[in-house]
Amino acid sequence: MLQTWASWPLTLRVLLAAVGLVVVPVFFEAPLVRSLPWLSLTLTGSWVLVGVALMTHSSTRIWGDILVGFAWTWLAGSLYWGWFRWEPFVHLPLESVGIPIVLLLLLRGHSRVGCYFYLGSLLGTAVTDLYVYWMDLVPLWRQVMVAEPDQVAWVLRDAIAILQTPIAASRALLLGLGLLTVGVVPLRSQQPCWWAFSGAVLSTLLVDGLFAVSALLA
């Protein structure tokens with residue numbers, strides 16, 4: 001298995017790693033941060049330390065690079081979902097918490113793979129939030145965040161009723177096609193950093209699709 005993985009093009013491996021670092025934490029960090037927010041926040045330092053350690057070796061430098069970029073998305077998720085999840089309008093500002101560090105690293109020519117991964121993830125988050133605002137789902141967002149577990153399904157049914165309209169579908173299609181285009185075009189590059197960016201962007205479509213299906217089945 002390891003030999004097969006190593007034989008794949010580096011760009012493809014970076015793409016798959018980026019997808020995994022977006023999709024998997026959705027199911028791991030979300031429950032962790034609700035019950036143990038301080039532990040989730042503390043893990044940010046662990047991701048950074050492991051990433052920096054990996055970057056000291058040429059054979060694992062690129063994986064440490066993307067892990068450091070992932071650390072900023074983990075930090076943002078821990079802050080928002082741990083303490084501010086009931087307020088949608090602070091979601092994007094908190095998700096942008098890594099911007100100063102990322103810009104500084106890029107200006108110095110460091111950690112391009114991780115930085116592009118973070119920026120791709122942030123873009124995907126921004127588009128998802130835009131759809132929430134566009135469809136006036138903010139009140140339902142707040143209801144979901146404060147509802148008891150046995151009441152969440154009822155709130156989600158209200159959201160699905162809103163989303164099962166031609167206007168909602170057309171807006172979702174417009175934003176989805178925009179994200180798909182932004183995610184696919186960089187794959188023409190042979191630079192791993194752009195494949196990390198694409199993986200993060202395209203993963204947004206996958207995660208949003210999974211949430212939509214789960215809401216329909218609720």
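Nothing here was measured: the structure is a model prediction, and the numbers come from that model.
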Are the side chains of [X] and [Y] in touch, meaning some heavy atoms are under 4.5 Å apart?
X	Y	result
Ile99	Leu119	yes
Trp47	Leu75	no
Phe70	Ser121	no
Val22	Leu206	no
Phe89	Asp129	no
Leu92	Thr125	yes

With sequence neighbours left out, write down each residue that passes side-chain contact (heavy atoms from CB on, under 4.5 Å) with [X], or none if nothing qualifies.
X	value
Ala196	Val14, Ile66, Val113, Phe117
Val90	Tyr80, Phe84, Glu87, Leu94
Leu15	Leu12, Leu187, Trp195, Ser198

Original post:
Is there a donor-acceptor contact under 3.5 Å from the side chain of Tyr131 to the main chain of Gly176?
Top reply: no
**OP:** Answer yes or no: is there a donor N or O on one side and an acceptor on the other, between the side chain of Thr60 and the main chain of Trp63, under 3.5 Å?
**Re:** no
Atom [atom1] of [X] and atom [atom2] of [Y]: how far apart are they, to the nearest 0.5 Å?
X	Y	atom1	atom2	answer
Thr56	Leu54	OG1	CG	7.5 Å
Leu175	Leu180	CG	CG	12.5 Å
Met55	Leu67	CE	CG	10.0 Å
Leu79	Thr44	CG	OG1	7.5 Å
Leu122	Thr204	CG	OG1	10.0 Å
Trp81	Leu41	CH2	CG	16.0 Å

For the hydrophobic clusters of this structure (ILVMFWY residues joined by side-chain heavy atoms under 4.5 Å, transitively), does one cluster hold both [X] and [Y]?
X	Y	result
Trp38	Val97	yes
Val184	Leu205	yes
Trp83	Trp141	yes
Val52	Leu104	no
Leu174	Val182	yes

Which heavy atom in [X] sits nearest to a heavy atom in [Y], and how many Å separate them?
X	Y	answer
Ala200	Gly120	CB-C, 3.7 Å
Cys115	Leu105	SG-CB, 3.8 Å
Ile62	Pro192	CD1-CB, 3.7 Å
Ala18	Ser203	O-OG, 4.2 Å

Original post:
When you look at CD1 of Ile167, are more than 12 heavy atoms from neighbouring residues, nucleotides or ligands closer to it than 6.0 Å?
Top reply: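 No - once you tally the heavy atoms of other residues, nucleotides and ligands closer than 6.0 Å, there are 12 at most.
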Give the table of side-chain donor-acceptor pairs shorter than 3.5 Å for residues 25-34, with sequence neighbours excluded, one pair per line with atom names and distance.
residue	atom	partner	partner atom	Å
Glu29	OE2	Ser78	N	3.2
Glu29	OE2	Ser78	OG	3.0

Original post:
Quick one: ring pair (Phe, Tyr, Trp, His ring centres under 6.0 Å) partners of Trp134, sequence neighbours excluded?
Top reply: none
**OP:** Could you walk me through whether Trp74 and Ser40 pass side chain to side chain contact (heavy atoms under 4.5 Å, CB included), step by step?
**Re:** CA-CA 8 Å; Trp74 183 277; Ser40 180; 3.6 Å; yes
**OP:** If a pair satisfies side-chain hydrogen bond (donor to acceptor under 3.5 Å, both in side chains) and one of its residues is in residues 102-120, list it, with sequence neighbours excluded.
**Re:** Asp65-Ser111, Arg112-Tyr116, Arg112-Gln191
